[in-house]
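Contents: one structure, followed by commentary.
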Amino acid sequence: MEKYNFREIEEKWQKRWEEEEIYRAKFLSDKKKFYVLEMFPYTSAQIHMGHVRNYTIGDVISRFFMMNGFNVLHPIGYDAFGMPAENAAIKQKIHPKDWTYKNIETIRKQLKKLGISYCWEREVITCDSDYYRWNQYFFLQFYKKGLVYKKLSPANWCPSCKTVLANEQVVDGVCWRCGLEVEQKELSQWFVKITEYAEKLLDFSGIKNWPERVIIMQKNWIGKSYGTEVHFTIPELNKELIVFTTRPDTLFGATYVVLSPRHPMVQDILKKGRLKSEIEKFLLKVKGQGLTVEATIKMEKEGIYTGFDAINPVNNEKIPVWIGNYVLMEYGTGAIMAVPAHDQRDFEFAQKYKLPVKIVIKNPEWNGIPEKLEAAYEGEGKMINSGQFNGLSNREFMEVITEYLTEQGKGRKAICYSLRDWCISRQRYWGTPIPIIYCKNCGTVPVPEKNLPVTLPYNVNITGQGESPLKNLPEFFHCKCPQCGGDAERETDTMDTFMDSSWYFLRYASGDIKDKPFDKEEVNYWMPVDQYIGGIEHAILHLLYSRFFIKVLNDLGYVNFKEPFKNLLCQGMVIKDGAKMSKSKGNVVDPDDMIKTYGVDTLRLFILFAAPPELDLEWSEKGIEGTWRFINRVWNLNSNILSYESQGTDTGDINVERIINKTINSITEDITKDFHFNTAIAKMMEFVNNLSKSIEKKECSREKLVSVWQRFIKTLSPFTPHICEEMWELMGNKGSLVAEKWPEINEEYLIDENISIAVQINGKLRGRITIPAGCSEKDVVEMAVKEPSISRWLKDKTILKKIYIQNKILNLIIK
RNA sequence: GCCGGGAUGGCGGAAUGGCAGACGCAACGGACUUAAAAUCCGUUGGGAAGUAAUUCCCGUGAGGGUUCGACUCCCUCUCCCGGCACCA
């Protein structure tokens, strides 16, 4: 018996697949297609177990659909722009481009060793000007449509490094490099109007099968809420202050209003000079408070009185105008009305600053009206202290007051989204240059399409300090205005890398193309992606931006579909010792080491077997040995079958035929229903255990055994393709298994002659009986009561009720 | 703080209203071997009774509910993980 030499087998087949180009996707418009896509890797130094998991899952799906007669597209590429390349440049004194391409080389080698069925001819590298020029092209199309604009927006700013910091570069409110406190700085930045698509993005009807939680997360992120705009007046400023509220019913209870520190009216107030130094001091303090999540959660709610009052439009009451650090300019109108009696946050703020509390909704559980509240009452009730509206239910009153305000010209119904426009400006080098030119005479001028790409210059010095290196590069920064030919300056912001990943899957789908972003006809054939696979960490941003991008391209007539990803599978993390694998924790397992020791088929099988895809996967050194043993058993069994000789018996043949049909049937179900490869593999292990016993007993004929075994090899092949191809060839077959048809099921072998059912007495299991298939309830009960383990419970009792679930269980209720 | 997900043997997990613990790991016992490794066979949720076949009780984070029947559905609570932009 020849020993299982995985190294030889894997090298042999990987070489052959490559030579014969069997995974090359062909545009065959009359053939039903299947586009399977895994999120492309970021070009950090190496791939890790998380990638191996992601790509192995994709590969099983890809091979399964190939064998089921689909024309499959299964591409790969590299997400190659982004901050880590600049960090590497700073630390290792290596150019971001050199670092990136060096990494791509390594990753490509690693991926090839995994034996994934990729169509390598369609590789995409986002930092290649052949790719990013089309980012610039789309930017210009969006610009023409009025979907991009520039506005002031705050960014994390380190005053010592004089540079913009990403949220992850701000650690506990200080700069990660110099440790100095981070400030907010207003910068003029480019935005894409994703908010214009909020309503379209809330419509998930074009999506077939996404995890429910991802849809919920996206809906919450878009955050549609219905409410009312209320117009307060500030007589001393001669201005109207518009606030948005979802609780217009509490309007009579408003005791102050609060502006965001970035609200334009703050400037009007400062101009008047009242309390100016106090307000400025407060604004300065707020400026030091970070934009990061930890910062905003830890931040204490603070405010300051402006010295001005606003008039409540419903009762002409004068209430103070405050500025508060907790009011966001990005949401609603950047100003709120505060109702401490009926909103807990307003209540706490009012307590802190001794602001009045006015109850306008009566809690039905109250006896009379309390003098003092312990907490805000946020529930339902009847209106009080609300003038002519007293006595109405607050629900009714919401409608009534909104109508009243509308009639008076003091407000209206409004819808608010918490979704904000997409800031695509990055003050960094390693990204797609934004194709805009600033001319003293002509203003903001887009780079003409024929001048694309605006190439990212190579000759830069990356320090991580100061402004973008592109500003210090005269040959890039200084240019001629395309309109008047005069001296002009280039935009030095580069694009957010989410721009790259919002359409890379279209580029894959159109093969080698130079003069267009993609081939419309071919893209319309392959798209949408039939199965997208990736980590849950991309549940919101990447997936939402891609959906948005496709909807815009659809509106602009570039594509004929409205959703990029029909089905989505989010896989869990790979963890070790209870924590995510990471260098800092020192719990990383290198895929290359595992491949050297066990071979890639074993690694793939273990990763698929250890947990269902959507759950976190606990790495186990012992566990992989288990799958290694299984693979070897399969290999040895193949040798045994090659030399097997027996006439067998009819029952033996029927028996193995039953086993294989049941096995393949339930594996097919596991794959197609929810990609539960772990249970599919468990069933293959069971099959191998059973078949080994049958072979030992020489129960079946050689002919039957070979037929059954060949079907098994096919079924196993998407999981461990190399060893299966080898066994397939040893069995005397030619050609690759992906060209073979997935084995069919013969229904008649799925049904057993005898079925074991459980018998319960009063819901408690008391025995088991074996019945012929298709037995009637009456017969089952008759057989059950004869069974000694059952009859002893029935002595001196009467059967009140019989519940029989066919082929499963009989429950007798007795007294 | 808000949103989402989860809790099942010594461990990874299986069963989504019908026999809890498939399959694998670990452990223990046995076969082979001079020996070890590898391999193969068997046992394995906890407790109690019995020489034994076997039988009974308990058991899916805690408590309650619905149901003939609940790991599964509903309510309350505890703990763990993930995401986040104080969303008015």
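First the proteins, then the strands, lettered A, B, ... as listed; each starts at 1. Source: prediction; values computed, not measured.
Nearest nucleotide to the Asn220(A) side chain, out of G18(B), C3(B), C68(B): C3(B). Closest to the side chain of Tyr331(A), out of C87(B), G13(B), G12(B), is C87(B). Of the candidates G13(B), A88(B), G18(B), G18(B) carries the atom nearest the Ile805(A) side chain, counting heavy atoms from C-beta on. Side-chain atoms of Thr679(A) lie closest to A14(B) of the nucleotides G82(B), A14(B), C57(B). Side-chain proximity of Arg345(A) to the nucleotides C87(B), A20(B), G24(B) is greatest for C87(B). The side chain of Ser225(A) sits closest to A88(B) out of G12(B), G18(B), A88(B). Side-chain atoms of Met685(A) lie closest to C23(B) of the nucleotides A88(B), C23(B), G13(B).
In this structure, Phe719(A) and Phe609(A) have side chains that are not in contact, with every pair of non-hydrogen atoms separated by 4.5 Å or more.
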Original post:
What does nucleotides 36-41 of chain B look like as a protein-contact string, B for base, S for sugar-phosphate only, - for none, at under 4.0 angstrom between heavy atoms?
Top reply: ---SS-
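Base-pair partner of G42(B): C28(B) (Watson-Crick or G-U wobble, both distances under 3.5 Å). Across all strands shown, U54(B) forms a Watson-Crick or G-U wobble pair with A49(B), both key distances being under 3.5 Å.
When rounded to the nearest whole Å, the span between CD of Glu686(A) and P of A14(B) equals 14 Å. Nucleotide G83(B) holds its C1' atom 13 Å from the CD1 atom of Ile216(A), rounded to whole Å. Protein atom NZ of Lys802(A) is 14 Å distant from nucleotide atom C1' of C68(B), rounded to whole Å. Following rounding to the nearest Å, Met217(A) (CE) and G83(B) (P) show an atom-to-atom distance of 9 Å. We find that CD1 of Ile761(A) is positioned 20 Å from P of G18(B), with the value rounded to whole Å. Following rounding to the nearest Å, Leu328(A) (CG) and C84(B) (C1') show an atom-to-atom distance of 13 Å. Asp674(A) has its CG atom 15 Å from the C1' atom of G13(B), to the nearest Å. Put simply, NE2 on His676(A) is 7 Å from P on A14(B), counting in whole angstrom units.
To the nearest whole angstrom, the two C1' atoms, one in U16(B) and one in C2(B), are 29 Å apart. For the P atoms, the distance linking C71(B) with A7(B) amounts to 14 Å, nearest Å. Rounded to whole Å, the P atom of A36(B) lies 34 Å from the corresponding atom of U54(B). Across C11(B) and A27(B), the matching C1' atoms stand 11 Å from one another, rounded to whole Å. Going from the P atom of U34(B) to that of C25(B) covers 28 Å, rounded to whole Å. Going from the P atom of G24(B) to that of G45(B) covers 15 Å, rounded to whole Å. Across C23(B) and A35(B), the matching C1' atoms stand 34 Å from one another, rounded to whole Å. Comparing the P positions of G21(B) and A14(B) gives an interatomic distance of 15 Å, to the nearest angstrom.
Residue Gly223(A) is classed as having no contact, given no heavy-atom separation below 4.0 Å to the nucleic acid. At a threshold of 4.0 angstrom between heavy atoms, the contacts of Asn762(A) with the nucleic acid are absent. As judged by a 4.0 angstrom heavy-atom cut-off over every strand, Thr627(A) is placed among residues making no nucleic acid contact. Note on Thr246(A): only backbone sugar-phosphate atoms sit closer than 4.0 angstrom, heavy atoms only; bases stay farther off. Counting non-hydrogen atoms under 4.0 angstrom, Asn689(A) reaches the backbone sugars and phosphates but no base. As judged by a 4.0 angstrom heavy-atom cut-off over every strand, Ile803(A) is placed among the base-contacting residues.
Contact record, Leu187(A) with Ala155(A): CD1-CB, 3.9 Å, taken as the closest heavy-atom pair. Closest of all the heavy-atom pairs between Leu637(A) and Leu691(A) is CD2-CD2, 4.4 Å. Here the shortest heavy-atom pairing between Ile624(A) and Tyr598(A) reads CG2-CE1, 3.6 Å.
Toward the 5′ end of RNA chain B lies the nearest nucleotide of Gln760(A), the other residue of the pair Gln760(A) and Asn811(A) mapping further downstream.
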**OP:** Go through the steps for Met573(A) and Arg53(A) under the test side-chain contact (heavy atoms from CB on, under 4.5 Å), then give the verdict.
**Re:** CA-CA 9 Å; Met573(A) 296 183 296; Arg53(A) 189 178 195 197; 5.9 Å; no
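A cation-pi geometry, defined here as NZ or CZ lying under 6.0 Å from the six-membered ring centre and within 45° of its normal, does not hold between Lys301(A) and Phe349(A). Geometrically, Arg547(A) engages Phe204(A) in a cation-pi contact defined by less than 6.0 Å to the ring centre and at most 45° from the axis. Phe548(A) does not carry Lys193(A) over the face of its six-membered ring by the limits of under 6.0 Å from the centre and within 45° of the normal.
Here Trp793(A) reaches the OP1 or OP2 of C56(B): one of its side-chain N or O atoms lies under 4.0 Å away.
Taking 90° from 0 as the syn/anti boundary, the base of G13(B) is oriented anti.
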